[in-house]
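Below is one structure, written out as structure tokens; comments come after it.
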Number of protein chains: 4
Amino acid sequence: MPWELKPDRPIYAQLVEHIVQMILSGVYPPGSKLPSVRDLAKEASVNPNTMQRALAMLEEDGLIITHRTSGRSITEDSEMIRKTRTRIARDQVSEFLEKMQKLGFEKEEILSIITEMIKEVRG
Amino acid sequence: MPWELKPDRPIYAQLVEHIVQMILSGVYPPGSKLPSVRDLAKEASVNPNTMQRALAMLEEDGLIITHRTSGRSITEDSEMIRKTRTRIARDQVSEFLEKMQKLGFEKEEILSIITEMIKEVRG
Amino acid sequence: MPWELKPDRPIYAQLVEHIVQMILSGVYPPGSKLPSVRDLAKEASVNPNTMQRALAMLEEDGLIITHRTSGRSITEDSEMIRKTRTRIARDQVSEFLEKMQKLGFEKEEILSIITEMIKEVRG
Amino acid sequence: MPWELKPDRPIYAQLVEHIVQMILSGVYPPGSKLPSVRDLAKEASVNPNTMQRALAMLEEDGLIITHRTSGRSITEDSEMIRKTRTRIARDQVSEFLEKMQKLGFEKEEILSIITEMIKEVRG
DNA sequence: GTGGTCTAGACCACC
DNA sequence: GTGGTCTAGACCACA
């Protein structure tokens, strides 16, 4: 998973999103150790300050634990990770549904468009 | 339809979106006249310059025609309006699907979440 | 020759240009009588005031003569018409050459592009 | 290259044109960094907002890239720059030819006028 | 009255 | 420091 950074949104926000994806998809399993800020920053070709900011936000969410002496690790609370995944998903869905309804789409229409398009994606 | 403006995104972008919704949902039918920049700005509690910027963007898209001295009107090309509606919808869906897949959701899972949540919305 | 009016430039200016073309190309020969303002306005689907303004400008240039009681006519001075045609042409050419040179085109390059494109036009 | 601003056309349009010329003529080579909005505005004796508008238009055309916090630069795609130059040139020529033909000039006549006048320019 | 442009000056997020 | 957004208020051409 490459660190694709587009210039249209704040870099730190894209970093947060990317790391969350890696955690939720299991690249970094619960309890596993995170690379150092410096290494992560280098990997993403980003200023360490910016990476630090991203990690700080993830810590606020409780997804990441900082050990004062030995770096950071993913939370061991896999239940929380699961819940986070669900919460984010529901947020996405509800935001999406709201937009579609504002455009005047009915429930059935939304469903049919999605089922149609979901077949095309990735074969 | 009130002009809800949130501070998290550029105002002009929200204005564009709102006006598009009004056009697509038929509040302003094809060929109908639009209120003056000043009136629209007053209605949205926004500086005329900001509203003008939004309208200019809509004109670039071809959704709006400006008559230099006698105001603006919605394009009479209702076919284009229909296509715009479809295009925006497909964009929304594809953006949504991409996000969900990055979070590690499978096709079936996405569909089931949506069908579940769509029942809750608006009763 | 239809009266194509685009909304991107002042209408009166387009009227002036159009009438000049008709005069220079012989639609209205030297000395011939011009239709009334009202008729011209109707033909061009334009407010008579606007047509009046256009004619006034043409009169300033000396291309049109106003007879206080019997309408307007094209000047009989065909020499002046010929000179006007030449003047306008030279203005166009010099303006065009200036633009091309600002874009960094050399004389030879300009000539070759033109000779190439002039073959394509109108077969 | 001074910033000559005439009152007959929108300033932002003249700024766009001027910057394009600088890019096409190599004053700002592909990939090079552009001065800040504020500096450019000062240099052209223009309000920063106006300069910003011009730069935004250039970005839409793909000629300029903006890095959100570290200024703007010319696109590195020198092929695109070359194509832009050609496109603009052809637009100028075709617009010019159309005007001349509306004035009743034949192909040969146009060519002869140009070849004659092109000798006079810049000695 | 309409749209369009421009300035001055302020404020913001980001790095 | 960078780009981006917004407001307030003025002025203009046009019909």
Side-chain angles (χ1 to χ4, degrees), chain A residues 5 7-16 41 44-54 57, chain B residues 5 7-16 33-42 44-59 64-73, chain C residues 5 7-15 41 44-54, chain D residues 5 7-16 33-42 44-59 64-73:
Chain A
L5 297 179
D8 63 330
R9 276 193 315 150
I11 292 181
Y12 79 91
Q14 300 184 55
L15 295 181
V16 166
S45 310
V46 148
N47 188 301
N49 288 322
T50 310
M51 181 58 79
Q52 177 98 24
R53 178 169 179 179
M57 298 188 72
Chain B
L5 297 179
D8 64 330
R9 276 192 317 149
I11 293 182
Y12 71 82
Q14 300 183 53
L15 295 180
V16 166
K33 203 165 171 310
L34 219 53
S36 76
V37 189
R38 293 162 173 78
D39 286 353
L40 281 173
K42 208 174 296 174
S45 309
V46 148
N47 186 289
N49 280 323
T50 309
M51 181 59 77
Q52 179 123 15
R53 178 169 180 178
L55 293 175
M57 298 183 74
L58 288 167
E59 193 182 6
I64 279 183
I65 312 283
T66 95
H67 315 99
R68 295 176 58 72
T69 61
S70 57
R72 290 175 168 89
S73 60
Chain C
L5 297 179
D8 63 331
R9 277 194 315 150
I11 292 181
Y12 79 93
Q14 300 185 53
L15 295 180
S45 310
V46 147
N47 187 302
N49 288 323
T50 310
M51 181 59 78
Q52 178 99 22
R53 179 170 178 178
Chain D
L5 297 179
D8 64 332
R9 275 192 316 149
I11 294 182
Y12 71 83
Q14 300 183 53
L15 295 181
V16 167
K33 202 166 172 310
L34 219 53
S36 76
V37 190
R38 293 163 173 80
D39 286 353
L40 281 172
K42 208 175 296 175
S45 310
V46 148
N47 186 288
N49 280 324
T50 308
M51 181 58 78
Q52 179 123 15
R53 178 168 180 179
L55 294 174
M57 298 184 74
L58 288 167
E59 194 182 4
I64 278 183
I65 313 283
T66 96
H67 315 99
R68 297 174 57 73
T69 61
S70 57
R72 290 176 168 90
S73 61

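Heavy atoms only: backbone and side chains are in, while hydrogens, waters and symmetry mates are out. Chain letters run A, B, ... following the sequence lines, proteins first and then strands; every chain starts at 1.
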Distance-minimising heavy-atom pair for A/Arg9 and A/Gln14:
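That would be O-NE2, 2.8 Å.
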
Taking atom types as they are modelled, would you say the side chain of B/Arg38 forms a donor-acceptor pair with the base of E/dG3 within the 3.5 Å cutoff?
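Answer is yes: a donor-acceptor pair is held.
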
Is any side-chain N or O of D/Asn47 under 3.5 Å from a base N or O of E/dA8, one able to act as donor and the other as acceptor?
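Answer yes: a donor N or O sits under 3.5 Å from an acceptor.
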
side-chain contact (heavy atoms from CB on, under 4.5 Å) with B/Leu58: which of B/Thr66, B/Leu15, B/Val16, B/Leu34?
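The passing option is B/Val16.
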
Tell me which of D/Thr50 and B/Gln52 sits closer to the 5' end of DNA chain E, going by the nucleotide each one is nearest to.
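It is B/Gln52, whose closest nucleotide lies nearer the 5' terminus.
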
Earlier contact from the 5' end, DNA chain E, for B/Asn49 and B/Pro35
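In this pair, the answer is B/Pro35.
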
Return the pairing partner of E/dC14 with a 3.5 Å limit on both distances, Watson-Crick or G-U wobble; otherwise return none.
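Pairing partner, where one exists within any strand: F/dG1.
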
Looking only at the side chain of D/Ser36 (C-beta and beyond, no hydrogens), which of the listed nucleotides F/dT7, F/dT5, F/dG3 gets closest?
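The answer is F/dG3.
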
Heavy atoms from other residues, nucleotides or ligands near NZ of D/Lys33 exceed 12 (cutoff 6.0 Å)
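Check passes, neighbour count above 12.
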
May I ask you to verify if any side-chain N or O of A/Tyr12 is less than 4.0 angstrom from the OP1 or OP2 atom of E/dC14?
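A/Tyr12 to E/dC14 OP1/OP2: side-chain N or O found under 4.0 Å.
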
Please state whether the phosphate of E/dG1, meaning OP1 or OP2, lies under 4.0 angstrom from any side-chain nitrogen or oxygen of B/Thr69.
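So the side chain of B/Thr69 is outside the cut-off, no N or O lying under 4.0 Å from OP1 or OP2 of E/dG1.
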
Rounded distance [0.5 Å steps], CG in D/Asp39 versus CE in D/Met51
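Between atom CG of D/Asp39 and atom CE of D/Met51 there are 10.0 Å.
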
